[in-house]
2 protein chains.
Amino acid sequence: MESRPRMTKQRQVILEELRMMRSHPTADELYERVRGRLPRISLGTVYRNLEKLAGSGMIRKLDYPGSQMRFDGDLHGHQHIRCISCGRIEDIDGAPEPTRCDRELLAGSGYRLVERRVEYVGICPECDAMEKGNQKS
Amino acid sequence: MESRPRMTKQRQVILEELRMMRSHPTADELYERVRGRLPRISLGTVYRNLEKLAGSGMIRKLDYPGSQMRFDGDLHGHQHIRCISCGRIEDIDGAPEPTRCDRELLAGSGYRLVERRVEYVGICPECDAMEKGNQKS
DNA sequence: TTAATAATAGTAACGATTACCAATATTAAT
DNA sequence: ATTAATATTGGTAATCGTTACTATTATTAA
Ligand SMILES: [Mn+2]
Ligand SMILES: [Mn+2]
Ligand SMILES: [Zn+2]
Ligand SMILES: [Zn+2]
């Protein structure tokens, strides 16, 4: 009835490569990377394994609105900021997400609060410089 | 060079219907609704107009991770909570989004903070009751 | 009216993700 | 090592929300 996961070469390499990267790659970015070591791997396998690994808590899946999913091999508690210009996601080390008057705010809704996500959106230094360069007005 | 928007029957009806609805419909939900008044309208027209209306600030576009876009005809400043079970989005009237130690947190990143989104995720009363009913264990 | 051109309906294309399936690799037991 | 059970794979097709295309129509200002 139950099914034990098997540590395949593909799963191993995907996990290793993701942990090596400091960035937060999309599935196909990671796919390209992994192909360096396993040229015959398929994109579907990458998706499948990322899903499994995220499900078992070995990696983090980051899904932000309006962009494809990204993955994080760093389980250390940290926040992220996303660049609205290029989509890059950077780590923010620091205090865990704060909580406050949320209870009061939600009191009337009848909802059972499961998660409170704080999403930071900004412009990364590179894009900022670029925008300042191409100023039209 | 410049282009002035035209108030077509379709745009008018889409805006009216969205403003009437208290829910936060997806494009195709709104499409079904609008077809009651304009049977020959196409889904593409609904998408196109929602985009235009959102761009000009006449409606709000809500894009949450992992689900299709939703739209809000209510411009009054308010927050939302989304049910992770059924996807429904409900209004939360109350204080505007708080801000605090964010500056400090972001100081080291070099990013220019554009927006700080607080997303509430929970279980709506209906889904909560349903889950309590279908308990397996 | 007229002319200029947004906007439309219908449909095809897109891109990220998932589903399918016969072949293969991993695991645990022999 | 051999085996048997089955999780996983590679390759590909399908899905689904959304966007792009295009000939035709409707809106606007003159
Ligand atoms: Mn990270
Ligand atoms: Mn709302
Ligand atoms: Zn950037
Ligand atoms: Zn619900």
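Chain letters run A, B, ... following the sequence lines, proteins first, then strands; residues in each count from 1.
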Polar-atom pairs under 3.5 Å, protein N or O versus N or O of nucleotides 11-16 of chain C: list them with distances, or write none.
none

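- Put simply, CG on L38(A) is 16 Å from P on dT8(D), counting in whole angstrom units.
- Looking at every heavy atom in both residues, I14(A) comes nearest to V46(A) through CD1-CA, 3.9 Å.
- Atom pair Y31(A):OH and dT17(C):P shows a separation of 15 Å (rounding to whole Å applied).
- Residues E32(B) and R35(B) are paired through a salt bridge, judged by an N-O separation under 4.0 Å between the basic side chain and the carboxylate.
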Practice task
Starting from the C-alpha separation in whole Å, work towards a yes-or-no answer on side chain to side chain contact (heavy atoms under 4.5 Å, CB included) for I89(B) and Y64(B).
Solution key: CA-CA 10 Å; I89(B) 293 175; Y64(B) 290 106; 3.3 Å; yes

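- Contact between D28(B) and L43(B) at its shortest, heavy atoms only, is CA-CD1, 4.1 Å.
- D91(A) and H76(A) are not linked by any side-chain donor-acceptor pair at a separation below 3.5 angstrom, with hydrogens and angles left out of the test.
- If you measure from atom CG of L50(A) to atom P of dT17(C), you get 10 Å, rounded to the nearest angstrom.
- Spacing between atom CZ of R70(B) and atom C1' of dT18(D) amounts to 15 Å, rounded to whole angstrom units.
- Hydrophobic cluster membership is shared by L53(B) and I41(B), with clusters built from Ile, Leu, Val, Met, Phe, Trp and Tyr side chains linked at under 4.5 angstrom.
- Q12(A) places its CD atom 17 Å from the P atom of dA25(C), with the value rounded to the nearest Å.
- In this structure, F71(A) atom CZ and dT17(C) atom C1' are separated by 10 Å, rounded to whole Å.
- Side chain to side chain, H24(B) and D74(B) fail the donor-acceptor criterion of an N or O pair below 3.5 Å.
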Handout entry: Sequence-aligned protein contact record of nucleotides 22-29 of chain D, with B where the base is within under 4.0 Å of a protein heavy atom and S where only the sugar-phosphate is
Key = ----BBS-

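- By the 4.0 Å N-to-carboxylate-O rule, E16(B) lies too far from R19(B) to be salt-bridged with it.
- Linking ILVMFWY side-chain heavy atoms closer than 4.5 Å, directly or via other members, places L38(B) and F71(B) in a single hydrophobic cluster.
- Distance CG (D63(A)) to C1' (dG17(D)): 15 Å, rounded to an integer number of Å.
- Between the CZ atom of R11(A) and the P atom of dA7(D) there is a distance of 12 Å, given to the nearest Å.
- Annotation for H78(B) and R60(B): closest pair O-NH1, 3.5 Å, computed over non-hydrogen atoms.
- If one axis is set at each end of the helix from dT1(C)-dA30(D) to dT30(C)-dA1(D) from five pairs, those axes are 40° apart, to 10°.
- L30(B) approaches L50(B) most closely through the heavy-atom pair CD2-CD2, 3.7 Å.
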